[in-house]
Amino acid sequence: MDNTRQVFGIDLGTTYSCVAQVDEFDRPVVQKNFNGQNTTPSVVYFETDSKVIVGEEAKEMLKAEPERTVAFIKRFISTDEAYEKPTKFPAGTDPTQISAYILKKIVKDANDASQSPNPVTKVVITCPAYFGTKERLRTKQAGEIAGLEVLGVINEPTAAAIAYGMKLEDNKTVLVYDLGGGTFDVTVIRVSDKTISVVATDGNHHLGGYDWDKALAQYLLNQFNKEHKTEYTMENNIALANLLLLVAEEKKKTLTGRERVNIVIDYEGKSMRSSISRQMFELLTKAQLDETIQKTREVLEIAKGKNVSQIDEVLLVGGSSRMPQIKARVDRELKCDAKLTDPDECVAKGAAIFALNEYFSKAMEDYAEGRIDEKPKNIIQKSQVRVINVTSKNYGTDFMDDNGKDMIKQLIFANTPLNNCRGEDHFVTRYDNQSYVSMKVYESDVTEKTTIDPSEAVLLVGDKSLQLSKNWPKGTPIKVVFEVDSEGILNVHAKVDVDVLEFELKLKGVKTPEEMGSAIARAARTLIE
């Protein structure tokens, strides 16, 4: 039986998640959830230590039991410690495990909807383009904890461009402005001959529609306090804060189609009636919009340095890009007519197309090598795609400069194509009779500087040591090689003569095989509804 199409593309979103699959006609189709909706809120409610609820019902519990409910967990995927709230979740619960619960729920719903005798477990998961090695590894581990075979991790704007590129007949350079519920990406991409080539990308994982909600919620809180002479705060009154945030999200969506909305707030026996205009809402959130435009300008400058002087199309992606102020500002800034095309679902659809291509290629190899008997059914030409991505971070290692100061030498720079993302340099031993080499690996944001101070970067791996086969004199050459693979994950090795140091990037907070085993077992015994 040909199961080539038994793969999913998953948009693991900050506020909403979505699953898609390519059907027998090679069309990417979103799979509905248990409630018949195309997207599922990325919210988890811990009803008990062994039962969690994901989705709309969990979102409602933000008001009733905020201490047992988690939203926007994607913003904390780089957090090293266990994720805790005023009332702790089951011991050791962290963003990776919580993300796994979301994935397990949405895949279960998709499998139930498809009614296939062979439940789908093979997936491609999307992530923000600017995610570094740690965040990508944790995203992949979340999928594995959920019981999935993760075929790959692909950037969200790249996935959107894949979905869009299927419809193109001509070669074009596209700017993808991706404003989701909790994250923002801006990416310049070339689409030609069924090839998606990323030119430049950047973003902010703490900027999204949620920040528009917060601005409106704070405005409403100020009104409420003024009317009732109270001193509530968003930080100290979590139940009220969540109530206001949910109201703000609802009214933000309503303002997309209306010029003014009425608002009623009831809390602890106190009531407030108010209204807000779209003009006032846009004034309250101007700073957030300005920040996205600044990022867009920076990415366009990087693209110009790579001989991209013209943008043919601008795509608005992510549910938050529906706000009228987004298109108006982007059109004015870029002198374009930005296209708002399937903003909630195109990322999942593009991931599904990518997943089909990845799995089809592997299946064809298996057939050619005799590992499977049935030749996979061909995918039609318009569904065939090749992706050339770029790294979103700089990577470097520590060294001592001529003044004896520890510095970082950057070996790989952001926006380097992943099909040839390799950097190497030669260093030397510091002392006579040196018996080992100690290295640190750093990650930093976009900069063209070759040498930076450690304060400008994030330490990924510290003091990884290579015991040498003999004591070497001062000045012995050390060759260091950095490579970033097709998923944007860093690999490192160093060599001193015959001695080779292969870095297993055991990043803090990225689970060891033993920890993964425990996490998988925990997810398996947890009831997820």
Side-chain angles (χ1 to χ4, degrees), residues 11-15 72-79 95 99 125-140 142 152-161 174-189 196-211 288 291-303 305-306 315 317-318 320-321 347 350-351 387-396 410 412-418 421 442-448 452 456-460 484-490 507 509-510:
D11 176 8
L12 179 60
T14 310
T15 52
F72 308 102
I73 195 60
K74 187 171 171 181
R75 284 190 164 188
F76 301 95
I77 197 71
S78 62
T79 302
S99 298
I125 304 173
T126 66
C127 72
Y130 54 85
F131 262 17
T133 291
K134 181 184 290 188
E135 293 91 344
R136 290 172 190 271
L137 284 171
R138 287 176 171 174
T139 298
K140 194 168 186 177
V153 176
I154 184 174
N155 293 348
E156 290 159 4
T158 304
V174 180
L175 183 141
V176 182
Y177 175 105
D178 184 357
L179 184 61
T183 61
F184 173 69
D185 274 322
V186 58
T187 306
V188 175
I189 296 174
I196 308 293
S197 301
V198 179
V199 177
T201 189
D202 200 359
N204 185 340
H205 67 289
H206 281 281
L207 180 64
Y210 174 64
D211 298 283
Q288 288 82 353
E291 190 170 345
T292 71
I293 296 301
Q294 181 57 36
K295 280 289 182 189
T296 301
R297 291 169 181 163
E298 292 170 4
V299 167
L300 286 171
E301 282 300 312
I302 295 170
K306 296 190 173 189
L315 296 185
V317 176
S320 297
S321 63
V347 170
V387 174
I388 301 174
N389 223 320
V390 298
T391 180
S392 59
K393 300 288 184 179
N394 297 349
Y395 294 101
Q410 305 212 98
I412 288 179
F413 291 88
N415 296 304
T416 301
L418 293 183
C421 195
Y442 289 87
E443 179 181 87
S444 62
D445 288 323
V446 178
T447 176
E448 296 180 354
I452 62 173
E456 298 178 73
V458 175
L459 179 65
L460 287 184
V484 179
D485 66 19
S486 60
E487 294 180 79
I489 296 172
L490 176 68
L507 311 182
V510 174

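A search for side-chain hydrogen bond (donor to acceptor under 3.5 Å, both in side chains) contacts involving Thr292 returns Tyr177, not counting sequence neighbours. Every residue meeting the side-chain hydrogen bond (donor to acceptor under 3.5 Å, both in side chains) condition with Tyr395, not counting sequence neighbours, appears here in chain and number order: Thr133, Glu443. Contacts of Asp185 classified as side-chain hydrogen bond (donor to acceptor under 3.5 Å, both in side chains), with partners at least two apart in sequence or in another chain: none. For Ser99, the side-chain contact (heavy atoms from CB on, under 4.5 Å) criterion is met by Leu12, Ile73, Ile77, Ala142, not counting sequence neighbours. Every residue meeting the side-chain hydrogen bond (donor to acceptor under 3.5 Å, both in side chains) condition with Gln410, not counting sequence neighbours, appears here in chain and number order: Ser444. For Thr416, the side-chain contact (heavy atoms from CB on, under 4.5 Å) partners are Thr391, Phe413, Cys421, not counting sequence neighbours. For Asn204, the side-chain contact (heavy atoms from CB on, under 4.5 Å) partners two or more places apart in sequence, or in a different chain, are His206, Leu207, Glu291. Residues satisfying the side-chain contact (heavy atoms from CB on, under 4.5 Å) test with Val390, not counting sequence neighbours, are Val198, Thr201, Asn415.
Annotation for Ala160 and Val176: closest pair CB-CG1, 4.4 Å, computed over non-hydrogen atoms. For the pair Asp445 and Asn394, the tightest heavy-atom approach, listed with the atom from each and the gap, is O-ND2, 3.1 Å. Here the closest non-hydrogen pair linking Ser392 and Phe131 is OG-O, 3.1 Å. Taking all atoms of both residues into account, the shortest heavy-atom contact from Ala200 to Ile302 is CB-CG2, 3.6 Å. Here the shortest heavy-atom pairing between Phe72 and Phe76 reads O-CD1, 3.4 Å. The two atoms that bring Thr187 and Ile189 nearest to each other are CG2-CG1, 3.6 Å, heavy atoms only.
Under a 3.5 Å cut-off, the side chain of Thr126 and the backbone N or O of Asn155 do not form any donor-acceptor pair. A donor-acceptor pair is defined here as one N or O able to donate and one able to accept, closer than 3.5 Å; such a pair exists between the side chain of Arg75 and the backbone of Gly182. Within the 3.5 Å criterion, the main-chain N or O of Gly180 finds a donor-acceptor partner in the side chain of Ser320. Proximity of a side-chain donor or acceptor of Arg136 to a complementary backbone N or O of Val153 within less than 3.5 Å is not detected.
At a threshold of 4.5 Å between non-hydrogen side-chain atoms, the residues Val347 and Val317 count as touching. Considering only heavy atoms from C-beta on, Asp485 stays 4.5 Å or farther from Leu418 through its side chain.
Considering CD1 of Ile154 and CG of Asn389, their distance stands at 6.5 Å, rounded to 0.5 Å. Atom CG of Asp211 is separated from atom CD of Gln288 by 6.0 Å, given to the nearest 0.5 angstrom. Taking OG1 of Thr158 as the reference point, atom CD1 of Ile388 lies at 11.5 Å (rounded to 0.5 Å). Residue Phe184 holds its CZ atom at 8.0 Å from CG of Asp178, rounded to the nearest 0.5 Å. For the atom pair CG (Leu459) and OH (Tyr442), the distance works out to 5.0 Å, reported to the nearest 0.5 Å.
Ion pairing between Glu156 and Lys74 holds under the 4.0 Å rule for side-chain N and carboxylate O.
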